[in-house]
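Below you'll find the structure, written out as structure tokens, and then a few comments.
Since the structure is predicted, the reported quantities are computational estimates derived from the model, not experimental observations. One-based numbering, in listed order, for ligands and for the atoms of each.
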Amino acid sequence: PRDCQELFEEGERQSGLFQIQPEGSPPFLVNCKMTSDGGWTVIQRRQDGSVDFDRSWEAYKAGFGDPQGEFWLGLEKVHRITGDRGSRLAVQLQDWDGNAESLQFPVHLGGEDTAYSLQLTAPVASKLGATMVTPGGLSLPFSTRDKDHDLRGDKNCAKSLSGGWWFGTCSHSNLNGQYFRSIPRQRQQRKKGIFWKTWRGRYYPLQATTMLIQPT
Ligand code: MYR
């Protein structure tokens with residue numbers, strides 16, 4: 001199968017690790033989450049701080065971590081799965097008081113030639129609270145501390161925060177930030193954490209996150 005959705009269509013209903021082979025790609029293992037609305041590929045998970053997410057461009061491109069625990073699937077694999085198709089992204093967030101938030105929106109991810117630019121339509125980008133939305137939508141390249149493509153001329157978001165992400169103005173979100181088991185007293189520390197501004201705010205380090213994609 002080329003992705004988790006195809007596995008689902010073949011009748012697989014159990015979530016777990018499966019080998020897939022997207023078109024024009026070597027086969028690789030992914031975590032599939034089978035739900036009532038089909039098969040989703042898990043592309044990121046944070047839950048306990050057991051894996052270091054402050055890594056280089058090459059690491060974010062190739063992927064890292066533990067498929068049973070915390071991991072980043074890798075930009076190239078995500079790009080291979082989505083190909084030229086549009087996809088749906090699901091973002092699941094948890095705070096430290098047992099509250100959960102779940103978002104779903106259409107995305108497109110470019111290849112390495114675009115620095116894995118995330119493309120969102122204007123209405124989606126606005127709804128997510130993005131700062132730099134044009135009528136054509138938002139096209140935002142991925143940044144790491146060693147490859148700075150963010151929209152801030154005066155700083156490197158990946159360095160001043162932590163991890164690799166689609167950083168715009170350093171303040172929207174960062175699900176690949178540093179994992180804090182308890183909330184640091186210092187704002188300067190807290191902002192390096194895992195955050196989603198429009199849910200718990202910029203200085204609230206989240207307890208757990210999962211990102212999943214499903215080609216449409
Ligand atoms: C800004 O205004 O600073 C940027 C806003 C960007 C919104 C980013 C949303 C991230 C969603 C992750 C996409 C994963 C694609 C596979």
Side-chain angles (χ1 to χ4, degrees), residues 3-5 20 22 30-33 39-46 53 60-63 71-93 101-112 114-144 148-177 191 193-203 206 208-216:
D3 58 38
C4 298
Q5 176 59 22
I20 61 163
V30 292
N31 243 296
C32 294
K33 188 169 179 193
W40 293 78
T41 306
V42 185
I43 66 169
Q44 190 257 26
R45 192 188 291 128
R46 307 295 300 275
F53 273 66
Y60 272 94
K61 179 182 169 180
F71 69 93
W72 175 254
L73 180 62
L75 291 163
E76 190 56 34
K77 294 193 185 89
V78 176
H79 173 63
R80 296 292 182 115
I81 293 169
T82 57
D84 297 327
R85 304 175 282 179
S87 295
R88 277 197 292 171
L89 177 78
V91 176
Q92 297 171 349
L93 310 169
E101 170 80 334
S102 180
L103 306 157
Q104 255 190 47
F105 48 92
V107 290
H108 181 84
L109 189 69
E112 194 175 19
T114 72
Y116 300 106
S117 281
L118 172 70
Q119 250 127 279
L120 302 174
T121 63
V124 169
S126 309
K127 198 164 172 239
L128 289 174
T131 29
M132 317 289 234
V133 192
T134 64
L138 176 76
S139 177
L140 193 61
F142 196 84
S143 290
T144 52
D148 176 15
H149 300 121
D150 62 45
L151 306 175
R152 290 283 294 252
D154 59 331
K155 69 162 119 181
N156 175 329
C157 300
K159 260 187 201 164
S160 61
L161 305 181
S162 175
W165 192 244
W166 294 272
F167 290 114
T169 54
C170 302
S171 66
H172 177 277
S173 55
N174 180 15
L175 301 186
N176 291 332
K191 69 186 228 189
I194 303 170
F195 71 94
W196 191 274
K197 187 180 175 183
T198 54
W199 188 45
R200 294 297 322 251
R202 185 179 167 187
Y203 294 101
L206 297 168
T209 71
T210 311
M211 294 169 65
L212 313 99
I213 49 159
Q214 182 182 53
T216 46

I need the Leu120 CG to Leu140 CG distance, nearest 0.5 Å.
8.0 Å
State which residues pass salt bridge (Lys or Arg N to Asp or Glu O under 4.0 Å) with Lys61; sequence neighbours excluded, sorted by chain then number.
Glu112
From Gln5 CD over to Ile20 CD1, what is the distance, rounded to the nearest 0.5 angstrom?
12.0 Å
Expected rows: ligand 1 N/O, protein N/O, dist below 3.5 Å:
residue, atom, partner, partner atom, Å
ligand 1, 2 (O), Thr131, N, 2.7
ligand 1, 2 (O), Thr131, OG1, 2.6
ligand 1, 3 (O), Thr131, OG1, 3.4
ligand 1, 3 (O), Thr169, N, 3.1
ligand 1, 3 (O), Thr169, OG1, 3.3

Check salt bridge (Lys or Arg N to Asp or Glu O under 4.0 Å) between Arg202 and all other residues, then give those that pass, not counting sequence neighbours.
none
Over 60° means perpendicular and under 30° means parallel, so classify the ring planes of Phe142 and Trp166, tilted if in between.
perpendicular
Sequence-distant partners of Asn176, side chain to side chain donor-acceptor pair (under 3.5 Å), two or more places apart
Gln44
